[in-house]
Amino acid sequence: MAHELSLSPMQRIVATGNRNLDTSAIWCARTELAACLRMASRLGLEEGICNHFSAVVPGHPDLFLVNRLGWAFSEATASSLLICTMEGQVIAGDGVPEATAFFIHACLHKHCPRIGAAFHTHMPNATALGMTAGPPFVWAGQTALKFYGRIAVDEAYNGLALDTREGDRIAAALGTCDILFMKNHGVMVCAPTIAEAWDDLYYLERAAEVQVKAMSTGRPLVAVSPQIASETARQMREGDAQSAQLHLESICRILDRSEPEYRV
């Protein structure tokens with residue numbers, strides 16, 4: 001199901017010029033993104049080799065990190081991640097990005113500079129809600145309220161994102177929101193930082209899982225009022241960036257004990 005991005009030999013590796021791509025900030029971003037990929041694998045949030053995470057390269061807003069074609073999330077390491085231009089050139093790394101990864105993520109980062117990290121998965125429960133008619137959440141669970149007012153829905157499934165037109169369309173569908181439910185496809189989680197993208201990805205799937213289980217009982221779900229939902233969302237967003245950083249640090253500690261090679 002994964003598709004290789006077609007690049008000419010000249011596009012595959014280009015000169016970095018005067019860019020310093022070995023700074024401590026960039027290595028930190030590499031390590032954090034690898035940790036997120038590894039933990040997403042542990043939690044069953046990926047689908048084979050077809051899903052992808054990206055992050056803007058610190059100090060280089062025209063470049064982004066992304067996992068390489070053909071590698072499962074569980075194989076990710078800091079050094080295995082690719083640095084790409086918005087035009088698809090590989091600046092650093094061995095390999096090429098998956099085609100849909102490039103066309104989706106390059107367009108998101110190009111059109112939405114507020115997005116520091118973008119995580120795309122077909123995680124089962126959130127994807128299941130994206131296969132049902134109507135809005136994905138009924139706002140009946142507390143965890144879901146973290147996302148109240150932050151979700152956009154792309155109703156126009158057009159097949160695989162194998163060109164910039166589809167990437168541009170997906171970026172437009174996201175608009176000013178953080179979460180995009182891509183009907184008949186999966187979800188896109190966007191945030192200013194890698195930590196916040198991880199935190200939202202994790203809790204989005206947990207919220208979806210609880211709702212799917214509640215729906216499976218066949219009994220009506222009890223939604224909270226819009227007023228309570230809005231106020232709770234405000235409460236949950238206070239200090240969210242700091243909480244997300246603690247969450248990321250916790251998964252790094254877990255991986256340090258069992259899979260320290262993710263840092264290599």
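Bear in mind the structure is a predicted one, so any value in this text is a computation, not a measurement.
- In this structure the side chain of Met182 never reaches within 4.5 angstrom of the side chain of Thr127, judged on heavy atoms.
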Verify side-chain contact (heavy atoms from CB on, under 4.5 Å) between Leu246 and Gln242, making sure each step is shown before the conclusion.
CA-CA 6 Å; Leu246 293 174; Gln242 293 81 1; 5.8 Å; no
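- Under 4.0 Å is where a charged nitrogen must lie from a carboxylate oxygen, and between Lys146 and Asp200 at least one such pair does.
- The 12-atom threshold is not exceeded at CZ of Arg165, counting heavy atoms of other residues, nucleotides or ligands nearer than 6.0 Å.
- Within the 4.5 Å cutoff, side-chain heavy atoms of Arg19 are placed close to those of Asp62.
- Under the 4.5 Å side-chain heavy-atom criterion for ILVMFWY residues, no single connected hydrophobic cluster contains both Tyr203 and Val210.
- Using modelled atom types, one side-chain atom of Arg68 and one backbone atom of Asp94 make a donor-acceptor pair closer than 3.5 Å.
- A 4.5 Å side-chain heavy-atom check between Cys84 and Val96 finds every atom pair outside the cut-off.
- To the nearest 0.5 Å, the span separating CG on Asn67 from CZ on Phe73 amounts to 5.5 Å.
- In this structure, Thr132 contributes its side chain and Leu129 its backbone to a donor-acceptor pair below 3.5 Å.
- Judged by distance alone, with hydrogens and angles left aside, the side-chain atoms of His109 form a donor-acceptor pair with the main-chain N or O of Ile115 at under 3.5 Å.
- The aromatic rings of Tyr148 and Trp139 stand perpendicular to each other, their planes meeting at an angle above 60°, with 30° marking the opposite boundary.
- For the pair Arg38 and Glu261, the salt-bridge criterion is met [side-chain N within less than 4.0 Å of a carboxylate O].
- No option in Asp154, Thr164, Asp163 other than Asp154 meets the side chain to side chain donor-acceptor pair (under 3.5 Å) test with Arg169.
- When side chains are defined from C-beta on, Ile179 counts as touching Leu204, because their heavy atoms get closer than 4.5 Å.
- Looking only at side-chain heavy atoms (C-beta outward), Cys190 and Leu174 come within less than 4.5 Å of each other.
- Two residues are said to be in side-chain contact when any heavy atoms from C-beta on lie closer than 4.5 Å; Gln235 and Leu145 fail this criterion.
- The number of heavy-atom neighbours closer than 6.0 Å to CZ of Arg114, taken from other residues, nucleotides and ligands shown, is above 12.
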Could you go through the side-chain contact (heavy atoms from CB on, under 4.5 Å) check for Ile83 and Arg30 one step at a time?
CA-CA 10 Å; Ile83 294 181; Arg30 284 181 171 277; 3.6 Å; yes
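- Within a 6.0 Å sphere centred on CZ of Arg237, other residues, nucleotides and ligands contribute more than 12 heavy atoms.
- No continuous path of hydrophobic side-chain contacts links Leu108 to Phe181 [ILVMFWY only; heavy atoms under 4.5 Å].
- By the 4.5 Å heavy-atom criterion applied to side chains, His60 and Ile26 are counted as neighbours.
- Linking ILVMFWY side-chain heavy atoms closer than 4.5 Å, directly or via other members, places Phe119 and Leu255 in a single hydrophobic cluster.
- Classified by interplanar angle (parallel below 30°, tilted 30° to 60°, perpendicular above 60°), the ring pair His105/His52 is perpendicular.
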